[in-house]
Every structure is written in C-alpha cells, then in structure tokens.
Number of protein chains: 2
Amino acid sequence: MGSVQDRKKRQLAEREQIFLDRAWSMIQREGLLNLQMARLASECEYSVGTLYQHFSAKEDLLVALATRSVGSRLELYRRAADWQGPTRHRMLAILLADILFAQKEPEYFRLAQYVSTHTVWMSASEERREAALLASVPIADAVASVVREGVSRGDVDPRGMSERELCSGLWSMSEGMHMLVSAAGLLEAHSVPRPYQLLVTNTHALLNGLGWQPLQPLDDPEQQNALLEQIMTEVFPDFSMATCPVVSPTDSE
Amino acid sequence: MGSVQDRKKRQLAEREQIFLDRAWSMIQREGLLNLQMARLASECEYSVGTLYQHFSAKEDLLVALATRSVGSRLELYRRAADWQGPTRHRMLAILLADILFAQKEPEYFRLAQYVSTHTVWMSASEERREAALLASVPIADAVASVVREGVSRGDVDPRGMSERELCSGLWSMSEGMHMLVSAAGLLEAHSVPRPYQLLVTNTHALLNGLGWQPLQPLDDPEQQNALLEQIMTEVFPDFSMATCPVVSPTDSE
DNA sequence: CGCCAATTATGAATCAGATTCAAAAAACGT
DNA sequence: ACGTTTTTTGAATCTGATTCATAATTGGCG
C-alpha cells in the first residue's frame, strides 16, 4: 500500500523541522533581520530550491516558525490553567505565563509581532496562515477552561458574555503591553517604568471591574507581591524569581 | 546673515513634505508592500539620490510617515480631552477617538504597527526614532490632562499611580485590540465578533475596577450605547454613527 | 557679468538577497 | 536493467534598495 508515500511524507516533515530548527537558531544568533534563505539552505546542507519546496516565501517560513513556537508557550499556559488555585489567581497565573515567556524568549516575541503585521501576514501562504490560527486555539482553550470554571463556580458573572469574550480584555491588554515594551524607547519616553508590574496592576483592576472574586485591593503592593510570589513558587518554580520582571525587588533582607 | 541658509532649510523641509505626501498617497493607493523608493522619487520628479538625501533608508521614511500622521490623530484626541463632560466619559471619548481613527485610516494603523516592529524600528535612523517618540508626547499629554482632572475632581483615586500609569491599561488594551483586529482571521478563529464593542465593554470594566466615577453597569448595553451615541453626537458629529463600529445597530426604526 | 569653489542633484551602476526553473540526479516500479 | 516519474540542484534571473562618480546648480566675489 501507500507505505512508500508515507515514508516520503515523513521524511519531508522531518526535513521541514530541520529547516525550522536551524532557522530559529540562526534568528536567535543573528536576529530576524539577518536570516537569509540561501544561507539557511546551505547551513542545512540542502539547496535553495529544496528549501522553497517547503516554504512558498520567506514570510511563509516565518509564520511557520511563529506557529511552531506556540508549543512551548502552550506548556506554560497549561500549567497556569491546570494549577489548583482560585480561578481568579489562575487568570493571573496565565498572565504571568505570558510575561515569563516573553522574558525567556524575547526573540520569539519579536517574531510573533513581526509576523502578525498585515504586510508580513499577507505574504505568507493561505495554508500557513490557517495553520497558525489553528495552533493558537489550544492556548485560547486553556484560558477558556479557567473562565468556564470561574463562571460555573460563581467567581464571576458572565453577564451574557462568552468565555472568549470574558478574557478578551486580558488578552488584548497583555498583547498591547508586549507591543509597547518591544518598541524600544517608547515607554521610557512616556516615563512608564516597570511595564509588566503595571500590567499586573491593570489586570487586577480589570478583573475587579468584571467582579471576579476574590477582589484584590489595588493599593496594596505587599499583597499583590505575595500573591505573585506564591504563584511563582507553586506554578513556575523553574523560573528564577530574581529575573522575574514582575515581582518587585522590594525589601526582603 | 543666515537668510540663504534659512531659505535652503525651508526648501529642504518643503521637499521632504512633498516626498511624504506622495509616499502616503501611494501607500493608500497601492498598499505598504508596493511602495518603491525609485517610483516615489520619479513620481515626485526628483532623482533617487535626492530622496536618499532626506531618508537614510526606506524604513526611515516609513517612520517619518508614521510620525507625521500623528497630527491628525492628535486632533481627535484633543477634541475628546477638551470636551466638557465627566472625566470618565472623556476617557471613553478618547478611546472612541482611537477607534474612529483606526476605522477612518486603516492604512495608517498598518503602517504604525509595521513601524513599531523591532525589525523595522531599528532600521530607521536614531534621529527619526527620537522624533517619532517625541511626536507621541502631545497625545499622551492630552490623555494625561483628563486623568489629572479626574484625580483632582476626586473621580478617581490614583492610589499612588502617576497620570501616565493610570491610563496605561487603557493604552495597552486599545493598542492590543487594534493589533488583534489587524491580524486577519485571528479574532474570527477565536469567535470574537465585534471586537471594538468588546473593547468598550472591557474599558468600562477596567475603569470600574479603578473606581473611576461614575461607575457603569456592565450588563446594560442600552445604557452603554446611549452614552456612546451621546459622545458621537457631541464630540464627533462629523463621523457617521452608521459606520461607527462600536455603536451597535440595535433596534431604532 | 564671468569665474571659481562649494554645495546639491542625478541616475546608471552596484549590491543584496529572494525566487525561479531548466537540467541533472535519484527513486520508483516493472 | 530500463524507462518513467519525482525530487534536487544551484546558476541564472529578478526585484528593488542603496551608492557614488559625475554633472549641474548655487552662492560669493572681483
């Protein structure tokens, strides 16, 4: 039967991964700007033509890369979503996952941002774009599951909003803050230091506004910090608290 | 004295405006992707070299363009900020200004997004980037003035936050939503329709969470809508309510 | 006005790098 | 082993940004 076809398909997929692996390491080493198709091909010991058998254009490859990176992102989100804490704290854990990932993989965020630009996005192939959209669904699902539980436990009143809609504020706010952070100099120019700490505070405000229990006082940095530390310890023990851009380096000696 | 120098400087500035005007109209006509330096030069009846006397690179020109567009944006923001309404409603008016502008000038938003990408941003010249940052200050000032008044009137308790920090949530949330909207298919894939209406609701939640008076009930679309219509009428009478992506087309016949 | 030095404009030439495609090689089935 | 189909190859092409030697213009001055 089609076993030959199968093997070929498998080999093709393997090679695609090789291309993506190498492309990613090149980007991490030399930046997005310096990724060259010809060099990528030769570093993988294939010809340019072969590379183009996989990706219809450079942008296509970039979208594929961004899509792939979603995997490691998902792992963090799931940890946050699966953690056994109050739903509201889990929402915060999800935000933290997002922030930690952005810290750990800054180059990935630049890629994701670049790729979701209209210009770049539209230069990728239709299929690639669809695959990218599809890949982001599990992440949204993880978040939605927490929302669902929050609603069913009565921690938050959906007021007719769907699960996706209920977390859209959080989503857009973190997305936007990442964007502002990555535009070098922008926040400094507007004297907004510690953007991610601010993001946490704003998130508390938003969740309070949605009436998500238990409400958090906004004027108690101590308590906010304690909660963050708890989440860091329980959910992300493998991340150093010291490098976490959110937990403030106050007191503690 | 330096009158000759002055004239030269003036002529140079005029020519730069011509380049920018034409570049903008080309982009609006044919999209960001199709802007070509050589064609731009010839359409302006100058040589390529002359064009490069003004802009160190294509990206440099794009940043200049994005910077320039801030002007018309500012006008809307100021209207919102100067409007004589409760400070909370003025914050909403600012959000509306942002949304209306994004609707009216979709190509500008693509440009702004593209330009604030790390890759593109860093390809522009230092001076150009600084000018861009500087240009955004008046907008932030307009917003900050409303925040200041809100605080001084006692509509909102700053809880130690600066004016800039107090509106950072609104800023990042709208920025983020624009971003999500412009990534074609993303919101549809996550079944989030009417993104801007959602943005308004989330903004109400955020402002409620900050305790910004008068609080708005989140579960009363009628009232939300009435408020939006009032702002549209009083502040943005030159924008058609029909095309406004926020005021919902409910009832009314 | 005519001339020289300095400044500015020009656009053909160069360069960078993505993409294509005719030819060569490898794989397949018989 | 052989003809056919599929895959790979990389030199050639193409696109478009950027440079820079040359030409033109300008301002100043006798």
Side-chain angles (χ1 to χ4, degrees), chain A residues 1-16 18-20 22-23 26-27 30-65 114-115 117 119-125 128, chain B residues 1-20 22-23 26-27 30-65 114-115 119-125 128:
Chain A
M1 51 223 59
S3 77
V4 169
Q5 295 301 313
D6 284 358
R7 175 173 53 76
K8 283 197 179 181
K9 203 156 283 180
R10 191 157 17 88
Q11 287 177 334
L12 214 69
E14 270 169 31
R15 195 169 60 189
E16 187 150 318
I18 291 175
F19 280 134
L20 291 172
R22 188 57 66 108
M26 285 173 75
I27 286 180
E30 308 165 48
L32 202 49
L33 211 57
N34 299 306
L35 182 71
Q36 283 164 235
M37 296 301 264
R39 205 139 63 75
L40 172 58
S42 88
E43 284 209 17
C44 294
E45 302 182 288
Y46 283 102
S47 71
V48 198
T50 304
L51 179 54
Y52 273 88
Q53 213 117 54
H54 290 269
F55 308 102
S56 71
K58 190 180 175 175
E59 287 78 12
D60 201 57
L61 182 145
L62 293 180
V63 172
L65 259 187
Y114 186 61
V115 148
T117 271
T119 312
V120 175
W121 183 250
M122 287 310 179
S123 307
S125 68
R128 203 62 80 173
Chain B
M1 52 225 58
S3 76
V4 170
Q5 295 301 313
D6 284 358
R7 175 175 51 77
K8 282 198 179 179
K9 203 156 284 180
R10 190 159 16 87
Q11 288 178 334
L12 214 68
E14 270 169 33
R15 195 170 60 189
E16 186 150 320
Q17 290 310 312
I18 292 176
F19 280 136
L20 290 172
R22 188 58 65 107
M26 285 174 74
I27 286 180
E30 308 163 49
L32 202 49
L33 211 57
N34 299 307
L35 181 71
Q36 283 164 232
M37 296 301 265
R39 204 138 63 76
L40 171 58
S42 88
E43 285 210 16
C44 295
E45 300 182 290
Y46 284 102
S47 70
V48 198
T50 302
L51 179 55
Y52 273 89
Q53 214 118 54
H54 291 268
F55 308 102
S56 71
K58 189 179 175 178
E59 286 79 13
D60 202 56
L61 182 146
L62 293 180
V63 172
L65 259 186
Y114 186 60
V115 149
T119 311
V120 175
W121 183 249
M122 287 310 178
S123 306
S125 69
R128 203 62 81 174

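Chain A is the first sequence line, chain B the second, and so forth, proteins listed ahead of strands; every chain is numbered from 1.
Between Ile27(A) and the options Leu33(A), Leu32(A), Asn34(A), Leu40(A), a side-chain contact (heavy atoms from CB on, under 4.5 Å) holds for only Leu32(A).
Checked against dT8(D), dA9(C), dT18(D), the side chain of Tyr52(B) finds its nearest nucleotide in dT18(D). Here dT9(D) is the nucleotide among dT19(C), dT10(C), dT9(D) with the atom lying nearest to any side-chain atom of Tyr46(A). Across dT8(D), dT19(C), dT18(D), the shortest atom-to-atom separation from the side chain of Glu59(B) is found for dT18(D). Considering only the side chain of Arg15(B), dA9(C) comes nearest among dA17(D), dA9(C), dT8(D). When distances run from any side-chain atom of Gln36(B) to the nucleotides dC28(C), dG16(D), dA9(C), the shortest one goes to dG16(D). The side chain of Ser47(A) lies closest to dG10(D), out of dG11(C), dG10(D), dA27(C). Among the nucleotides dT8(C), dA17(D), dT19(C), the one closest to the side chain of Lys58(A) is dT19(C).
Heavy atoms from other residues, nucleotides or ligands lying under 6.0 Å from CD of Gln11(B) number more than 12.
Nucleic acid contact for Arg39(A): none, since no nucleic acid atom lies under 4.0 Å from a heavy atom of the residue. Within the nucleic acid shown, Leu40(A) has no heavy atom closer than 4.0 Å to any nucleic acid atom. Residue Ala57(A) is classed as a sugar-phosphate contact, given heavy-atom separations below 4.0 Å to backbone atoms only.
Annotation: of the two residues near DNA chain C, Leu33(A) and Ser56(A), the 5′-most nearest-nucleotide partner is Leu33(A).
Between the CG atom of Leu51(B) and the P atom of dC20(D) there is a distance of 17 Å, given to the nearest Å. Whole-Å rounding puts the Lys8(B) NZ to dT26(D) P distance at 9 Å. If you measure from atom CE of Met37(B) to atom P of dT19(D), you get 10 Å, rounded to the nearest angstrom. For Glu30(B) and dG16(D), the CD to C1' distance is 15 Å, given to the nearest whole Å. For the pair Asp60(B) CG and dT19(D) P, the interatomic distance rounds to 12 Å; values are reported in whole Å. Going from atom CD of Gln11(B) over to atom C1' of dT7(C) covers 13 Å, rounded to whole Å. Phe55(B) places its CZ atom 15 Å from the P atom of dT19(D), with the value rounded to the nearest Å. Separating the CD atom of Gln53(B) from the C1' atom of dT19(D) is a distance of 12 Å, rounded to the nearest angstrom.
Note that NZ of Lys58(A) is 11.0 Å distant from CG of Leu51(A), once rounded to the nearest 0.5 Å. Between the NE2 atom in His54(B) and the CG atom in Leu61(B) there is a gap of 10.5 Å [rounded to 0.5 Å].
At dT9(D), one or more side-chain N or O atoms of Thr50(A) fall inside 4.0 Å of OP1 or OP2 (strictly under the cut-off).
Of all the heavy atoms in Phe19(B) and Cys44(B), the pair that sits closest is CD2-SG, 3.6 Å.
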